[in-house]
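These numbers come from the heavy atoms of this one structure, side chains and all, not from hydrogens, waters or symmetry mates. Just so it is clear: chains get the letters A, B, ... in the order the sequence lines come, proteins before strands, and each one is counted from 1.
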Protein chains: 2
Amino acid sequence: MDAMLFLTDDQLLQGIELMYFAYKGFTSDPDRILQNYAYGRAHHRAIHFINRHKGLKVNDLLDILGITKQSLNRVLRQLIDDGLVDSRVGSKDKRERNLYLTDKGTALERELSDAQRKRMRAAYRAAGPEAVQGFRMVLENIMDGETKQRLQRIKDS
Amino acid sequence: MDAMLFLTDDQLLQGIELMYFAYKGFTSDPDRILQNYAYGRAHHRAIHFINRHKGLKVNDLLDILGITKQSLNRVLRQLIDDGLVDSRVGSKDKRERNLYLTDKGTALERELSDAQRKRMRAAYRAAGPEAVQGFRMVLENIMDGETKQRLQRIKDS
DNA sequence: CTTTTAAAGTCAATAATGCTGACTTAATGC
DNA sequence: GCATTAAGTCAGCATTATTGACTTTAAAAG
């Protein structure tokens, strides 16, 4: 009966709204900062993942983001031209390009993630360690299985 | 010291990635369904909130969504023209329009939220009741204070 | 060595969703 | 009567995604 209590349609709808509004808050700080650089969320995501997985291949980035090569092209082109991302020819396979943040790119990544981390830290603090565990568990289960596999693949490579 | 343990920059970055990927999964089911109707996320959001707050005013919907009147116009126009939303002249103030879902609109809302609820229910089940509590607490804290106030205002009206 | 495949990059056209500015219409409040 | 408010509209633009059709370069397969 416990299961019934926390699985009512209304509770689920509330959870859905929470996801929507929390995500909105979650992206609001970076969005504001990005405006100063005439960049958008697409640039932020590229910067984030290049930082997290230094030297990753263009194909891996496409795979993570789940977008097409043509969609990424404009964004990546800008970041490279603006000197935030360094695209180096692969050492083993020269067809590949390994992506790295330059110092300038790292600086913007810092600025963006500082704001986002600050918000997350405050939320975590207010909710407490056990809540954070629950938060993470539920989010992991909301993710697509396919996405999880993709992430695992990148982590392994 | 406990606080230090769960507030490392890496843990926070992991949480940020989790939010990104979970939100992606969260929207994937409705996105797929909406394609069959040539609608997008904007239509979904309008349908969701009109269902949750039956009879709400256009201004309230704008307030909740945080978009401009011109942005909502195209979407709402379509939903009304397609017979999913009913716009009724306010009984007290005839300048106002109260929004309701028609039977057709309610049917689409069902289809969309069934898919989303199914995913949430599975995630909640897998994580357990305490995790759900934590999930909710953290998300509430991630939200903007401004957003919370807006929601409260609608709930009161 | 030649052909096929793979990785990256590009150009063009299209779509969804947001924005701003400049309005109109209708109803309310004073 | 006149200013304000709620709703609705038109036009133009930006961002970010899409698909399709290519090219270039390098590796792999035959």
Side-chain angles (χ1 to χ4, degrees), chain A residues 20 23-24 27-28 30-48 50 55-81 85-100 154 157, chain B residues 20 23-24 27-28 30-48 50 55-82 85-100 157:
Chain A
Y20 169 65
Y23 193 77
K24 208 170 172 185
T27 54
S28 63
D31 282 353
R32 208 176 314 110
I33 294 166
L34 288 160
Q35 282 191 331
N36 304 329
Y37 298 86
Y39 292 146
R41 274 187 204 179
H43 302 84
H44 182 192
R45 290 199 282 267
I47 289 171
H48 173 91
I50 293 171
L56 94 171
K57 292 178 288 179
V58 173
N59 256 346
D60 291 340
L61 186 53
L62 290 174
D63 209 23
I64 288 178
L65 297 176
I67 59 173
T68 59
K69 185 176 41 167
Q70 296 93 325
S71 292
L72 181 62
N73 181 53
R74 206 174 329 175
V75 164
L76 199 51
R77 190 77 262 136
Q78 270 185 283
L79 293 176
I80 292 170
D81 288 349
V85 168
D86 191 11
S87 171
R88 302 186 205 155
V89 172
S91 52
K92 223 180 60 188
D93 186 333
K94 285 175 186 167
R95 287 174 307 180
E96 295 176 349
R97 297 288 182 278
N98 296 114
L99 302 173
Y100 298 89
I154 302 299
S157 75
Chain B
Y20 170 66
Y23 193 77
K24 206 169 173 186
T27 54
S28 63
D31 283 352
R32 207 176 314 110
I33 293 166
L34 289 160
Q35 282 192 328
N36 304 328
Y37 298 86
Y39 292 147
R41 273 187 206 178
H43 302 85
H44 183 192
R45 290 199 283 266
I47 288 171
H48 172 91
I50 293 171
L56 93 171
K57 292 178 287 179
V58 173
N59 257 345
D60 290 341
L61 186 53
L62 290 174
D63 209 22
I64 289 179
L65 297 175
I67 59 173
T68 60
K69 186 176 42 165
Q70 295 94 324
S71 293
L72 181 62
N73 180 54
R74 208 174 329 177
V75 164
L76 198 52
R77 190 76 264 135
Q78 270 185 283
L79 293 175
I80 292 170
D81 289 348
D82 293 353
V85 168
D86 192 11
S87 172
R88 302 186 205 154
V89 172
S91 53
K92 223 181 59 188
D93 187 334
K94 286 176 185 168
R95 286 173 306 180
E96 295 176 350
R97 297 289 181 278
N98 296 113
L99 302 172
Y100 297 89
S157 78

Verify the contact: side-chain N or O of A/H43 to OP1 or OP2 of D/dT16, cut-off strictly under 4.0 Å; return yes or no.
yes

From C-beta outward on A/T68, which listed nucleotide comes closest to its side chain: C/dG9, D/dT9, D/dT19?
D/dT19

Shortest side-chain distance from A/S87, nucleotide among D/dT9, C/dG9, C/dA8
C/dG9

Within 45° of the six-membered ring axis of A/Y100 and under 6.0 Å from that ring's centre, is NZ or CZ of A/R88 located there?
yes

Considering just the side-chain nitrogens and oxygens of A/N73, establish if one lies under 4.0 Å of OP1 or OP2 belonging to C/dT10.
yes

Which one of B/H43, B/R41, B/H48 satisfies the side-chain contact (heavy atoms from CB on, under 4.5 Å) criterion with B/R45?
B/R41

Checking B/D82 against B/Y37: is there a side-chain donor and acceptor pair closer than 3.5 Å?
no

Would you please confirm or rule out a distance under 4.0 Å between OP1 or OP2 of D/dT5 and any side-chain N or O of B/N59?
no

Under 4.0 Å, counting only non-hydrogen atoms across every strand here, what does B/R74 touch: a base, just sugar-phosphate, or nothing?
base

Confirm from the modelled atom types if B/R41 and C/dG18 form a donor-acceptor pair under 3.5 Å, side chain to base only.
no

side-chain N/O A/S71 vs D/dT18 OP1/OP2, d < 4.0 Å
yes

Taking the side chain of B/R45 as heavy atoms from C-beta outward, which of C/dA27, C/dT17, D/dT16 is closest to it?
C/dT17

Mark yes or no for a side-chain to base donor-acceptor pair under 3.5 Å between B/Q70 and C/dG21, with no hydrogen or angle criteria applied.
yes

Identify which nucleotide among D/dT5, D/dT16, C/dC19 has an atom closest to any side-chain atom of B/R95, counting heavy atoms from C-beta outward.
D/dT5

If you only use heavy atoms from C-beta on, which nucleotide in D/dA7, C/dT10, D/dT9 is closest to the side chain of B/R97?
D/dA7

Picking from C/dG9, C/dT28, D/dG8, the nucleotide nearest the side-chain atoms of B/K94 would be C/dT28

